[in-house]
Amino acid sequence: TSITSAKIQVNGVHLHYQQTGEGSHAVLLLPGMLGSGQTDFGPQLKSMNKQLFTVVAWDPRGYGKSIPPSRDFPPDFFERDAKDAVDLMQALKFKKFSLLGWSDGGITALIAAARYPNLIHKLVVWGANASVTQEDVRIYNGIRDVSKWSEKVRKPLEELYGQKYFAETCEAWVDGISRFAENSDGNICQQLLPDIKCPTLIIHGEKDPLVPQAHAEYIHKHIKDSRLLLMPEGKHNLHLRFAKDFNREVENFLR
């Protein structure tokens, strides 16, 4: 089945999303920093089982085609994204749905699952963290200058945003997420993890250069009855690099 693209007004902004499949189980894909449905979830939109699932990939405000507004990073930007994501799915008339969150989208998904337990069916997160350490800040500063990124990762984002917006937004993101390191324990959403009641799968690539494995283990430890799946060859983008294995694991978990 084809992939449709549209915009819908949610919380005062026009959010862009892509949708495919006609299954009874609705699934929302939440992208990472600077991400969008088209840049972050090609293999999922294309290949996830369209008889079982209705798959929605959204562009958070200020990202992808959900511009305007320009992206900013106030202290509550993850909370804002979580509310936008849930309200988007409700605007699309999905009563209950599962969340698949990558990286920043994983943090957003953790918050949404804790805050709206009655709406969330199942939760999958990978490359996510519930706190920011000094080591994390060092890693973030290592990607601050987008001109140093590999061309393969940089090019699609430059095409999507233009060089200036891409570079400035990445810098603003590094500043925004690094601020969490000033909180007690570097907290983003640690206190919410025990509130997540839905079945949860945490996937982590053992070669992830951006998110140390301790983050995945912390999330697993604090979400009751969650499952942790380690992918020995996986890096941060394991759902793209090992799309077939990833999709199979996730579909089996969601069934």
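For the numbers below, each heavy atom of this structure counts, side chains included, while hydrogens, waters and symmetry mates do not.
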Item to complete: Please confirm whether the backbone N or O of T133 pairs with a side-chain atom of D136, one donor and one acceptor, at under 3.5 Å?
Response: yes

Fill in: Donor-acceptor under 3.5 Å (N141 side chain, V137 main chain)
yes

Practice prompt. Could you state whether L15 and L92 fall into the same hydrophobic cluster, counting links through intermediate Ile, Leu, Val, Met, Phe, Trp or Tyr residues with side-chain heavy atoms under 4.5 angstrom apart?
Written response: yes

Item to complete: Please answer whether the main-chain N or O of F41 pairs with a side-chain N or O of K46 as donor and acceptor at a distance below 3.5 Å.
Response: no

Worksheet entry | Over-ring placement of K122 relative to F253, 6.0 Å and 45° cut-offs | yes

Worksheet entry | CZ-CG distance between F97 and L28, expressed to the nearest 0.5 angstrom | 7.0 Å

Worksheet item: Is a side-chain N or O of D185 found less than 3.5 angstrom from the main chain of N187, in a donor-acceptor match?
Response: no

Worksheet item: What distance do L110 atom CG and L123 atom CG have between them, rounded to the nearest 0.5 Å?
Response: 6.0 Å

Worksheet item: L29 and D40: side-chain contact (heavy atoms from CB on, under 4.5 Å), yes or no, with the steps?
Response: CA-CA 9 Å; L29 307 177; D40 287 16; over 6 Å; no

Worksheet item: What class does the angle between the rings of W126 and W102 fall in, given that below 30° is parallel, 30 to 60° is tilted and above 60° is perpendicular?
Response: parallel

Discussion item. For G23, is there any backbone N or O sitting under 3.5 Å from a side-chain donor or acceptor partner on T54?
Written reply: yes

Worksheet item: Out of curiosity, L238 CG to E233 CD, how far, rounded to the nearest 0.5 Å?
Response: 11.5 Å

Worksheet item: Is the shortest side-chain N to carboxylate O distance from R154 to E151 below 4.0 Å?
Response: no

Item to complete: State whether D59 and K7 are salt-bridged, where the test is any N-O pair (Lys NZ or Arg NE/NH1/NH2 against Asp/Glu carboxylate O) under 4.0 Å.
Response: no

Item to complete: To the nearest 0.5 angstrom, please state how far the CG atom of L88 sits from the CG atom of D84.
Response: 8.5 Å

Worksheet item: When you check the gap from the basic side-chain N to the acidic O, do R115 and D195 get nearer than 4.0 Å?
Response: no

Item to complete: Look only at the side chain of T39 and the backbone of G35, and say whether a donor-acceptor pair between them is shorter than 3.5 Å.
Response: no

Worksheet item: More than 12 foreign heavy atoms under 6.0 Å from NZ of K96: is that the case here?
Response: yes

Discussion item. If you count heavy atoms of other groups shown closer than 6.0 angstrom to CD of Q163, is the number above 12?
Written reply: no

Practice prompt. Flag the pair E217 and K221 as a salt bridge only when some basic side-chain nitrogen lies within less than 4.0 angstrom of an acidic carboxylate oxygen.
Written response: no

Discussion item. Strictly distance-based, threshold 3.5 Å: is any side-chain N or O of Q90 a donor or acceptor partner for the main-chain N or O of K95?
Written reply: no

Worksheet item: Is any NZ, NE, NH1 or NH2 atom of the basic residue among K50 and E22 found under 4.0 Å from an Asp or Glu carboxylate oxygen of the other?
Response: no

Practice prompt. Can you measure from CZ (F53) to CD (Q51) and round to the nearest 0.5 angstrom?
Written response: 11.0 Å

Item to complete: Evaluate the salt bridge (charged side-chain N to carboxylate O under 4.0 Å, His left out) criterion for residues R61 and D81: first the C-alpha distance (whole Å), next the side-chain angles of each, then the deciding distance (0.1 Å), finally the verdict.
Response: CA-CA 8 Å; R61 60 170 76 199; D81 283 350; 5.4 Å; no

Worksheet item: T20 side chain to V55 main-chain N or O, any donor-acceptor pair under 3.5 Å?
Response: no

Worksheet item: From Y218 OH over to S131 OG, what is the distance, rounded to the nearest 0.5 angstrom?
Response: 7.0 Å

Fill in: Among H236, H215, K235, Q213, the one residue meeting side-chain hydrogen bond (donor to acceptor under 3.5 Å, both in side chains) with D208
H236

Item to complete: Return yes if some donor-acceptor pair links the side-chain N/O of Q44 with the main-chain N/O of H239 below 3.5 Å, else return no.
Response: yes

Worksheet item: Taking NZ, NE, NH1 and NH2 as the nitrogens, is one of them in R80 or D76 under 4.0 Å from a carboxylate oxygen of the other?
Response: no

Fill in: Ring centroid separation F246 to F242 under 6.0 Å
no

Worksheet item: Between Y165 (side chain) and R71 (backbone), is there a donor-acceptor pair under 3.5 Å?
Response: yes

